[in-house]
Peer 1: 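Let me begin by handing over the structure; questions about it come next.
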Amino acid sequence: QVQLVESGGGLVQAGGSLRLSCVASGRTFSNYHMGWFRQASGKEREFVAALRGTGSTFYSDFVKGRFTISTDNAKNTVYLQMNALKPEDTAVYYCAATTRPFAFGLPTVYDYWGQGTQVTVSS
């Protein structure tokens, strides 16, 4: 019903920036709340950021003001601007969508997931 496709990952050196994009297709984008998660090798999927349809944002503590989630509803796209990247940010980043406006830090509340985009930060 909803398809999510991430892009924008790549290899950057520490301190660099990337902007990830997630394009949604299917049902109306504005009906969903969007999240970004990441999963490093050998680790569980980890919450990064979320954006409610009303515009409220939520961030994991590790972001420390470095990451920003935003959307362009006209383009059915959610973005994750990542600045001051660190090697520990290296992971596959996934966007996700849910109709449930709560518990955004839990992967289990999200109904749809993209295929992921690799972000690698060299030291």
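Because the structure is predicted, anything quoted here is derived from the model rather than measured.
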Peer 1: Heavy atoms only: give me the nearest Ser17-Asn83 pair and the separation to one decimal.
Peer 2: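 For Ser17 versus Asn83, the nearest heavy atoms are OG-OD1, 2.9 Å.
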Peer 1: Within a strict 4.5 Å, meaning less than it, do heavy atoms of the Trp36 and Val78 side chains meet?
Peer 2: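 Yes, their side chains come closer than 4.5 Å.
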Peer 1: Testing the basics here: between Gly114 and Tyr94, what is the closest heavy-atom pair and its distance to 0.1 Å?
Peer 2: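 What the structure gives for the nearest pair is O-CD2, 3.5 Å.
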Peer 1: Report yes if the distance between the aromatic ring centroids of Tyr110 and Phe37 is under 6.0 Å, otherwise no.
Peer 2: yes
Peer 1: Tell me the disulfide (SG to SG under 2.5 Å) pairs involving residues 53-85, sequence neighbours left out?
Peer 2: none
Peer 1: Which of these passes side-chain hydrogen bond (donor to acceptor under 3.5 Å, both in side chains) with Tyr93: Gln118, Glu6, Gln39, Arg38?
Peer 2: Arg38
Peer 1: Return the CZ to CZ distance between Phe58 and Phe47, rounded to the nearest 0.5 Å.
Peer 2: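 Separation between the atoms: 8.0 Å.
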Peer 1: Can you hop from Met82 to Phe62 via hydrophobic side chains spaced under 4.5 Å?
Peer 2: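 Per the 4.5 Å side-chain linkage, Met82 and Phe62 are co-clustered.
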Peer 1: Taking only residues two or more places apart in sequence or in another chain, which ones pass side-chain contact (heavy atoms from CB on, under 4.5 Å) with Val121?
Peer 2: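 Scan of Val121 (side-chain contact (heavy atoms from CB on, under 4.5 Å), adjacent residues dropped) gives Val12, Ala14, Leu85, Pro87, Asp89, Thr90, Val119.
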Peer 1: State which residues pass side-chain contact (heavy atoms from CB on, under 4.5 Å) with Gln3; sequence neighbours excluded, sorted by chain then number.
Peer 2: Ser25
Peer 1: Could you state the interatomic distance from CE (Met34) to CG (Leu80), rounded to the nearest 0.5 Å?
Peer 2: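 Going from CE on Met34 over to CG on Leu80, the span is 11.5 Å.
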Peer 1: Kindly say whether Gly8 contributes a backbone atom to a donor-acceptor pair with the side chain of Ser21 at under 3.5 angstrom?
Peer 2: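 Checking the backbone N and O of Gly8 against the side chain of Ser21, no donor-acceptor pair under 3.5 Å is found.
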Peer 1: When rounded to the nearest 0.5 angstrom, what is the spacing between CZ in Phe104 and OG1 in Thr98?
Peer 2: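 Those atoms lie 7.0 Å apart.
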Peer 1: Once rounded to the nearest 0.5 Å, what's the spacing between atom CZ of Phe102 and atom NE2 of His33?
Peer 2: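 Reported value, rounded in 0.5 Å steps: 9.0 Å.
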Peer 1: What pairs with Glu88 under side-chain contact (heavy atoms from CB on, under 4.5 Å), at least two apart in sequence or on another chain?
Peer 2: Lys86
Peer 1: Just verifying a value: how many Å separate Phe67 CZ and Ser60 OG, rounded to the nearest 0.5 Å?
Peer 2: 9.5 Å
Peer 1: Considering only residues two or more places apart or on different chains, which pairs with a residue in residues 114-123 satisfy salt bridge (charged side-chain N to carboxylate O under 4.0 Å, His left out)?
Peer 2: none
Peer 1: Which heavy atom in Tyr59 sits nearest to a heavy atom in Ala49, and how many Å separate them?
Peer 2: CD2-CB, 3.6 Å
Peer 1: Are Trp113 and Val5 connected in a single hydrophobic cluster, I mean Ile/Leu/Val/Met/Phe/Trp/Tyr linked by side-chain heavy atoms less than 4.5 Å apart?
Peer 2: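 Not linked; separate clusters.
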Peer 1: Only counting residues at least two apart or in another chain, list the ones meeting side-chain contact (heavy atoms from CB on, under 4.5 Å) with Leu51.
Peer 2: Thr57, Ile69, Thr71
Peer 1: Would you say Val2 ends up clustered with Tyr79 if hydrophobic residues are merged whenever their side chains have heavy atoms under 4.5 Å apart, either directly or through other cluster members?
Peer 2: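 Tyr79 does not cluster with Val2.
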